[in-house]
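All values derive from a computational prediction rather than experimental measurement. Lettering of chains follows the sequences in order, A, B, ..., and the numbering in each one begins at 1. Just so it is clear, the values below take in all heavy atoms, side chains as well, and ignore hydrogens, waters and symmetry mates.
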There are 2 protein chains.
Amino acid sequence: MRKHVLLYGLLGGVLIAGLKLIEYRWLVVEHSIEIYGGLVAAIFAALGIWLGLKLTRPRETVVVREVMVPAPAEFVRDDQKVESLGLTPRELEILELIAAGMSNRDIAERAHVSENTVKTHSSRVFAKLGARRRTQAVQLGKAFRLIP
Amino acid sequence: MRKHVLLYGLLGGVLIAGLKLIEYRWLVVEHSIEIYGGLVAAIFAALGIWLGLKLTRPRETVVVREVMVPAPAEFVRDDQKVESLGLTPRELEILELIAAGMSNRDIAERAHVSENTVKTHSSRVFAKLGARRRTQAVQLGKAFRLIP
DNA sequence: GCCGAAATCATCCCTTCGGGTGACGCGCGG
DNA sequence: CCGCGCGTCACCCGAAGGGATGATTTCGGC
């Protein structure tokens with residue numbers, strides 16, 4: 001920065017000296033003052049522009065734009081809904097297995113209980129959800145955010 | 001931009017006229033030419049700097065930062081998957097209704113066809129999806145992004 | 001005009017589901 | 001200690017679902 005200012009002043013001095021020399025060499029011409037002023041103005045204006053550019057070159061404004069990106073939005077169980085429906089953990093578990101597309105027999109094996117027990121649980125789930133079919137139970141379970 | 005240039009020239013003219021006036025009023029002082037040049041240089045340099053700043057004002061770096069925000073991510077059917085599975089529009093429609101938790105009878109009424117037809121369609125859907133139960137068909141349908 | 005895909009409906013048969021009911025054991029809290 | 005909620009299991013029965021197969025119609029393409 002200091003370098004720039006020094007260079008600036010130096011150039012100014014040289015210019016003035018040069019102009020003066022020219023003036024003395026070719027005598028005073030009419031309107032020389034205007035030409036002189038115009039030259040000085042033009043040159044210094046150019047210098048000013050250059051200096052201004054130099055000064056503001058590294059000045060950058062960072063604009064942060066947040067973009068909505070579709071995120072999986074991981075599942076969070078609505079425990080309040082579970083509470084209000086009076087669903088027991090076991091029933092919720094059976095509902096999840098039903099939603100996974102398993103038959104009562106499959107669920108019985110998975111949960112290490114008898115098929116009858118699974119039927120009892122699922123019946124209770126249907127009753128509490130107000131569903132008549134397992135597919136409906138699944139649909140309601142997802143709507144109530146009880147299962148992913 | 002044109003406005004700036006005009007203003008620039010106008011100011012220059014006014015300045016020269018003003019200086020000339022001063023020069024005539026107080027007579028010619030020794031070194032007046034240097035003072036005059038210096039003044040013109042200083043003012044036009046300032047103008048140049050200002051212009052330079054103006055020119056480079058809109059230099060901004062836009063940084064786009066993608067932020068994971070839970071978004072619904074609306075459903076888009078995987079038509080390619082539909083194609084590869086050979087699912088017909090009607091079958092897809094029946095699959096959607098199954099996913100809505102409806103019974104074959106409900107679907108028959110909704111689609112204005114007989115229950116037998118619904119059963120035929122659903123059977124084909126199951127075959128194409130590799131499902132044995134409607135709940136499984138729903139689960140697979142969602143996994144394959146065939147239904148919302 | 002014939003062919004094939006899609007949609008429609010049907011019939012038989014078996015499996016799975018769902019409702020209803022009853023019962024037993026366990027653990028917790030009044 | 002007794003009741004209650006929860007989980008477990010059982011049996012019956014009707015409804016719904018699902019597999020297999022065949023038939024008809026409609027529509028677009030070759």
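C/dT11 atom C1' lies 10 Å from atom NZ of B/Lys119, rounded to whole Å. Between B/Arg90 atom CZ and D/dC27 atom P the separation is 14 Å, expressed in whole Å. Regarding A/Glu109, its CD atom lies at a distance of 12 Å from the P atom of C/dT16, rounded to whole Å. Going from atom CD1 of B/Ile94 over to atom C1' of D/dG18 covers 15 Å, rounded to whole Å.
Nearest to the side chain of A/Asn116, among D/dA10, C/dA7, D/dA16, sits D/dA10. Residue A/Arg133 places its side chain closer to D/dG17 than to any other of D/dG19, D/dG17, C/dA7. With C/dG19, C/dA7, D/dG7 as the choices, the nucleotide that has an atom nearest any side-chain atom of B/Pro89 turns out to be C/dA7. Among the nucleotides C/dG19, D/dG17, D/dG19, the one closest to the side chain of A/Ser123 is C/dG19.
One donor-acceptor pair, N or O on each side, does fall under 3.5 Å between the base of D/dT8 and the side chain of A/Arg124.
Heavy atoms of B/Asn104 sit under 4.0 angstrom from primed sugar atoms or phosphate atoms, though from no base atom. Residue-level contact check: B/Thr120 touches the bases, meaning some heavy atom is under 4.0 Å from a base atom. Residue contacts for A/Thr117: at a heavy-atom cut-off of 4.0 Å it reaches a base atom on one of the strands shown. Residue-level contact check: A/Ser114 touches the backbone only, with heavy atoms under 4.0 Å from sugar-phosphate atoms and none from bases.
Applying the 4.0 Å criterion to OP1 and OP2 of D/dG17, one finds that B/Arg134 has a side-chain N or O inside that range.
For B/Thr135 and B/His112, each mapped to the nucleotide of DNA chain C holding its nearest heavy atom, the one lying further toward the 5' end belongs to B/His112.
For A/Arg145 (side chain) and A/Arg77 (main-chain N/O), no donor-acceptor pair under 3.5 Å exists by modelled atom type. For A/Arg134 (side chain) and A/Ser103 (main-chain N/O), no donor-acceptor pair under 3.5 Å exists by modelled atom type. Side-chain atoms of A/Lys119 never come within 3.5 Å of backbone atoms of A/Asn104 as a donor-acceptor pair (strictly under, hydrogens ignored).
Contact of the B/Ile98 side chain with the B/Phe126 side chain is registered, since non-hydrogen atoms from C-beta on lie closer than 4.5 Å.
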